[in-house]
Student: 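Got a structure here, written out as structure tokens. Questions coming.
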Amino acid sequence: MWRRTDSAATFLLMNVKTLHRTLNAGAMEAAPKLLGCVIEHHGPCGLRSGMIVETEAYTEDDPAAHSYVGRTARTDPMFRRAGTLYVYLSYGIHNCMNVATADEGRGEAVLVRAIEPIDGVEEMIRARRWKGRPLRNLANGPGKVCQALGISLEYSGQDLLTNGVVRLRPGSTPPPADVDVTPRIGITKAADWPRRFVWKRH
DNA sequence: TATTAGATTGTCT
DNA sequence: GACAATCTAATAT
């Protein structure tokens, strides 16, 4: 039972614990549940945040996962405790962000493919050098998400569940009926595995 | 609206 | 040296 005397910090801690448990269940469990959660970047230019609306699961046995070939300097954060941020460079141009979703030593993660901007939209538009146009295209792709939020390689390995520069906050996950599960995008290995989770919205 | 080519660099073989 | 968990702009319909 919630009592007024319980501090906000305690409430927050419980949330973080729950979130960690959710993430720790593995990529396939965590990917749909990350929908509705919020990514925050507390940077020098203020707060930028967005709600996750699309994810992709990468498990240990997945040939398309970076962790498949083993733990390397680059993929190391993917093997750390659930809630660790893993950022990699894609096609030599784009940064993509993932959340580790298993115990230390297991290489599972969920790729954040799209967010719906909440805070710092102006800053996101500047970061993306966005020229107006439909705002829905501001962060609807993994490379765009990182560019909009200002998340780069140097953040890889940070813990998203503590009060760092980049944080993951629990949110209200959509009911399964509102989630589309489809094959993944932009990969060649095991491309047909249904591991992409999209929050259907109107 | 749909399809296609080109950009560009870290990582692993 | 090959390849990649992508994006944009340009061209075609």
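Each chain gets a letter, A, B and so on, in the order the sequences are listed, and its residues count up from 1.
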Student: Counting distance only, does the side-chain N/O of A:H41 pair as donor-acceptor with the main-chain N or O of A:L149 below 3.5 Å?
Tutor: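 Yes.
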Student: Please list every donor-acceptor pair under 3.5 Å in which a side-chain atom of residues 60-67 of chain A meets a protein atom from a residue at least two apart or in another chain.
Tutor:
from	atom 1	to	atom 2	distance (Å)
A:D61	OD1	A:T59	OG1	2.7
A:D62	OD1	A:A64	N	2.8
A:D62	OD1	A:R184	NH2	3.3
A:D62	OD2	A:R184	NH1	2.4
A:D62	OD2	A:R184	NH2	3.2
A:H66	ND1	A:Y86	OH	2.9
A:S67	OG	A:G107	O	2.7

Student: Tell me, which of residues 55-78 of chain A have any heavy atom that sits under 4.0 Å from an atom in DNA chain C?
Tutor: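 Per residue number, the list reads A:Y58, A:A64, A:H66, A:M78.
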Student: Which salt bridge (charged side-chain N to carboxylate O under 4.0 Å, His left out) pairs, counting each pair once, include a residue from residues 84-99 of chain A, with sequence neighbours left out?
Tutor: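 Salt bridge (charged side-chain N to carboxylate O under 4.0 Å, His left out) check on residues 84-99 of chain A returns no pairs.
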Student: Does A:T18 reach the side chain of A:H20, with side-chain heavy atoms less than 4.5 Å apart?
Tutor: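 The answer is no, as the side chains (C-beta and beyond) never meet within the 4.5 Å cut-off.
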Student: Would you indicate whether the side-chain heavy atoms of A:V53 and A:R113 approach each other to under 4.5 Å?
Tutor: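 No - every pair of side-chain heavy atoms lies 4.5 Å or more apart.
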Student: For the pair made of CZ in A:R196 and C1' in C:dA5, what is the distance, rounded to whole Å?
Tutor: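 Roughly 12 Å, once rounded to whole Å.
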Student: Going by side chain to side chain contact (heavy atoms under 4.5 Å, CB included), name the residues that satisfy it together with A:P32, two or more places apart in sequence or in a different chain.
Tutor: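 Residues passing side chain to side chain contact (heavy atoms under 4.5 Å, CB included) with A:P32: A:F197.
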Student: Can you build the contact string for nucleotides 8-13 of chain C? Use B for base contact, S for sugar-phosphate-only contact, and - for no protein heavy atom under 4.0 Å.
Tutor: SS----
Student: Enumerate the protein-to-nucleotides 1-4 of chain B contacts in which both atoms are nitrogen or oxygen and the separation is below 3.5 Å.
Tutor:
none

Student: Using whole Å, what does the distance between atom C1' of nucleotide C:dC7 and atom OH of A:Y88 come to?
Tutor: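 Distance, rounded to whole Å: 13 Å.
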Student: In this structure, how many angstroms lie between the C1' atom of B:dC12 and the CG atom of A:L89, rounded?
Tutor: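 In whole Å, B:dC12 C1' and A:L89 CG are 14 Å from each other.
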Student: Check whether any side-chain heavy atom of A:V179 lies under 4.5 Å from a side-chain heavy atom of A:L35, and answer yes or no.
Tutor: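 Yes, at least one pair of side-chain atoms sits under 4.5 Å.
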Student: Charged N to carboxylate O under 4.0 angstrom, A:D180 versus A:K200?
Tutor: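 Looking at A:K200 together with A:D180, the answer is yes, because their closest N to O distance falls below 4.0 Å.
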Student: Do A:M97 and A:V112 pass the side chain to side chain contact (heavy atoms under 4.5 Å, CB included) test, and can you show the C-alpha distance, the side-chain angles, and the key distance before you say yes or no?
Tutor: CA-CA 6 Å; A:M97 64 172 293; A:V112 177; 4.0 Å; yes
Student: Are A:L138 and A:K144 close enough that some pair of their side-chain heavy atoms sits under 4.5 Å apart?
Tutor: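 When only atoms from C-beta onward are counted, A:K144 and A:L138 do not touch, as no gap falls below 4.5 Å.
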Student: Whole angstrom is fine here: how far is it from OH in A:Y86 over to C1' in B:dT11?
Tutor: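 Roughly 10 Å, once rounded to whole Å.
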Student: Can you pull out every salt bridge (charged side-chain N to carboxylate O under 4.0 Å, His left out) where at least one residue sits in residues 79-94 of chain A? Sequence neighbours excluded, please.
Tutor: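 Those involving residues 79-94 of chain A are A:D76-A:R80, A:R81-A:D159.
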Student: Any base atoms under 4.0 Å from A:L153, or only sugar-phosphate, or nothing? Heavy atoms, all strands.
Tutor: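 Since no nucleic acid heavy atom lies under 4.0 Å of A:L153, the category is nothing.
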Student: Once salt bridge (charged side-chain N to carboxylate O under 4.0 Å, His left out) is applied, do any residues pair with A:R48, and if so which ones, sequence neighbours excluded?
Tutor: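 By the salt bridge (charged side-chain N to carboxylate O under 4.0 Å, His left out) rule, A:R48 matches no residue at all.
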Student: Holding to side chain to side chain contact (heavy atoms under 4.5 Å, CB included), I want the full list of residues that pass it with A:E154, two or more places apart in sequence or in another chain.
Tutor: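 A:E154: side chain to side chain contact (heavy atoms under 4.5 Å, CB included) contacts with A:S152.
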Student: Is the shortest side-chain heavy-atom distance between A:L23 and A:L168 below 4.5 Å?
Tutor: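 Side-chain contact under 4.5 Å: yes.
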Student: Between A:E54 and A:P142, is there a donor-acceptor pair closer than 3.5 Å when you use the side chain of the first and the backbone of the second?
Tutor: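 The answer is no, because no donor-acceptor pair under 3.5 Å joins these two groups.
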Student: Measure the shortest side-chain to side-chain distance between A:N95 and A:L153 over non-hydrogen atoms and say whether it is less than 4.5 angstrom.
Tutor: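 Yes, their side chains come closer than 4.5 Å.
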Student: In which stems does DNA chain B show up, taking only runs of three or more Watson-Crick or G-U wobble pairs whose two distances fall under 3.5 Å?
Tutor: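 Stem segments, range with range: B:1-7 with C:6-12, B:9-12 with C:1-4.
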Student: Using salt bridge (Lys or Arg N to Asp or Glu O under 4.0 Å), reason through A:R129 and A:E123 one step at a time and then give a plain yes or no.
Tutor: CA-CA 10 Å; A:R129 295 190 204 94; A:E123 185 58 31; over 6 Å; no
Student: Measure CZ/A:F197 against C1'/C:dA5 and give the value in whole Å, please.
Tutor: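 One finds 15 Å between C1' of C:dA5 and CZ of A:F197, rounded.
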Student: Which residues within residues 104-117 of chain A lie with some heavy atom under 4.0 Å of an atom in DNA chain C?
Tutor: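 The stretch gives A:L111, A:R113 as the residues lying under 4.0 Å from the strand, ordered by number.
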Student: Residues of residues 90-102 of chain A with any non-hydrogen atom less than 4.0 angstrom from an atom of DNA chain B: list those, numerically ordered, please.
Tutor: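 Result for residues 90-102 of chain A: A:Y91, A:G92, A:I93, sorted by number.
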Student: Take A:R196 and A:V181, measure what side chain to side chain contact (heavy atoms under 4.5 Å, CB included) needs, and give me the verdict at the end.
Tutor: CA-CA 6 Å; A:R196 174 176 173 237; A:V181 185; over 6 Å; no
